[in-house]
Amino acid sequence: MTKIEKIAVFGGSFDPPHLGHLEIIKNALATLEIDRLFVVPTFLSPFKKNSLFSPQKRLFWLRCLQEELKEDKLSILDYEIRQNKPTPTIETIEFLSQKYHPKQIFLLLGSDQIQSLPKWHSYEKLKTKVEFVIIEREGYKIPASFRVLPMQKVQISSTQLREDLKKEQKELLGYIPKVILQDLIKEK
């Protein structure tokens, strides 16, 4: 088994996964010195009441993307979905820490999340266990104290895609990876 000293965790609803997520994954693998990137779909975000697509469907789509990427350092972690309830990030970090004993954990999150970080469950404990790596989002400033994932700003969000799908518009479907597009259209 490959020794895993440095890991990165990229969690989210992925409701649905889109090309922005794919770009973040590719950039994290290319620019962070890590042994493994864990992509962690939530069962349900603690800050949301529901999701458009089921946890199992979102997990399936992420695994389709993983298969297409053929990247050894990429793992899709179903830990939060298996909890069958909203799971605080600190619990996922502790699970990974106990399982792999990494020396360093990077936690990737969008710059839109920085302001709400202090509201996260056990935030004080979380910030002692991870180094935050911020993904730029339009309209959000990043304090100099945070590390930034170098990449183009992500111009699409799952929220925009969900709104498009609810209105039965298909203008933004070009942002859905081709490998999951047909299944997503059938699901909706």
Side-chain angles (χ1 to χ4, degrees), residues 3-48 51 58 62 65-66 69 71 73-77 79-81 83 86-162 175:
K3 192 171 185 180
I4 298 179
E5 292 188 355
K6 292 184 177 185
I7 66 174
V9 177
F10 178 34
S13 297
F14 303 101
D15 188 30
H18 54 69
L19 294 177
H21 294 133
L22 204 53
E23 196 60 33
I24 291 164
I25 290 168
K26 288 177 182 177
N27 272 349
L29 289 167
T31 61
L32 295 175
E33 291 182 21
I34 54 174
D35 300 302
R36 182 77 51 91
L37 170 61
F38 291 96
V39 175
V40 186
T42 62
F43 174 77
L44 180 65
S45 167
F47 298 105
K48 295 181 180 175
S51 59
R58 293 181 281 116
L62 287 170
L65 294 178
Q66 177 188 22
L69 284 173
E71 175 57 63
K73 291 183 178 182
L74 176 62
S75 293
I76 308 302
L77 182 68
Y79 173 77
E80 292 188 15
I81 289 176
Q83 304 314 299
T87 304
T89 301
I90 187 68
E91 290 180 23
T92 305
I93 297 302
E94 287 175 338
F95 168 79
L96 288 167
S97 294
Q98 290 168 5
K99 184 166 182 165
Y100 297 103
H101 308 284
K103 291 182 179 174
Q104 187 168 20
I105 301 174
F106 299 105
L107 181 61
L108 281 63
L109 62 138
S111 56
D112 56 324
Q113 298 291 309
I114 294 172
Q115 198 169 10
S116 69
L117 268 176
K119 297 176 185 173
W120 287 27
H121 181 78
S122 298
Y123 169 66
E124 292 300 319
K125 186 177 181 182
L126 180 65
K127 70 182 185 179
T128 67
K129 294 186 172 283
V130 303
E131 179 181 343
F132 296 104
V133 178
I134 308 302
I135 302 146
E136 285 188 87
R137 297 286 301 263
E138 194 70 43
Y140 295 92
K141 288 192 178 224
I142 302 173
S145 59
F146 287 101
R147 182 174 179 166
V148 176
L149 184 67
M151 61 181 290
Q152 295 284 334
K153 289 181 184 169
V154 177
Q155 300 297 330
I156 189 67
S157 72
S158 292
T159 303
Q160 291 170 302
L161 286 167
R162 284 191 304 275
Y175 289 98

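Just the heavy atoms: all of them, side chains too, but no hydrogens, waters or symmetry mates, feed the values below.
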Response to the item:
For Y123 and P118, the nearest pair of non-hydrogen atoms, with its separation, is CD2-CA, 3.7 Å

Discussion item. Can a donor-acceptor pair be found, under 3.5 Å and without considering hydrogens, that links the side chain of R58 to the backbone of T42?
Written reply: yes

Practice prompt. Look up atom CG in L161 and atom NE2 in H18, then write down how far apart they are to the nearest 0.5 Å.
Written response: 6.0 Å

Worksheet item: Taking only residues two or more places apart in sequence or in another chain, which ones pass side-chain contact (heavy atoms from CB on, under 4.5 Å) with F43?
Response: P55, N84, P86

Worksheet entry | Spacing of CG belonging to L107 relative to CZ belonging to F132, to within rounding of 0.5 Å | 6.0 Å

Worksheet item: Under the side chain to side chain donor-acceptor pair (under 3.5 Å) rule, what pairs show up with a residue in residues 4-13, not counting sequence neighbours?
Response: K3-E5, S13-K48

Worksheet item: Excluding sequence neighbours, so at least two apart, what forms side-chain hydrogen bond (donor to acceptor under 3.5 Å, both in side chains) with T92?
Response: E80

Worksheet, complete the sentence: Residues passing the side-chain hydrogen bond (donor to acceptor under 3.5 Å, both in side chains) test with E124, sequence neighbours excluded, are K127

Discussion item. Any non-hydrogen side-chain atom of I105 less than 4.5 Å from a side-chain atom of S97?
Written reply: yes

Discussion item. Is there a side-chain contact between L109 and L117 in this structure, where contact means two heavy atoms from C-beta onward sitting under 4.5 Å apart?
Written reply: yes

Discussion item. Would the distance check show the side chain of S111 and the main-chain N or O of R137 forming a donor-acceptor pair, the cut-off being under 3.5 Å?
Written reply: yes

Practice prompt. For K129, enumerate each residue passing the side-chain hydrogen bond (donor to acceptor under 3.5 Å, both in side chains) test, keeping only those at least two apart in sequence or located in another chain.
Written response: none

Item to complete: Just jot down the side-chain contact (heavy atoms from CB on, under 4.5 Å) partners of P143, sequence neighbours excluded, or say none.
Response: I114, S145, F146

Worksheet item: K99: what forms a side-chain contact (heavy atoms from CB on, under 4.5 Å) with it, not counting sequence neighbours?
Response: F95

Practice prompt. Apply ring-ring contact (aromatic ring centres under 6.0 Å, His included) to F14 and list each qualifying residue two or more places apart in sequence or on a separate chain.
Written response: F10, H21

Worksheet, complete the sentence: Taken in chain and number order and not counting sequence neighbours, the residues that satisfy side-chain contact (heavy atoms from CB on, under 4.5 Å) with E91 are Y79, K85, T87, P88

Item to complete: For E131, check side-chain hydrogen bond (donor to acceptor under 3.5 Å, both in side chains) against everything at least two apart and list the hits.
Response: Q104

Item to complete: Check whether any side-chain heavy atom of V9 lies under 4.5 Å from a side-chain heavy atom of L77, and answer yes or no.
Response: no

Worksheet entry | Qualifying residues under ring-ring contact (aromatic ring centres under 6.0 Å, His included), relative to F38, sequence neighbours excluded | Y100

Practice prompt. Rounded to the nearest 0.5 Å, what's the gap from CH2 on W120 to OG1 on T89? Could you check?
Written response: 4.5 Å

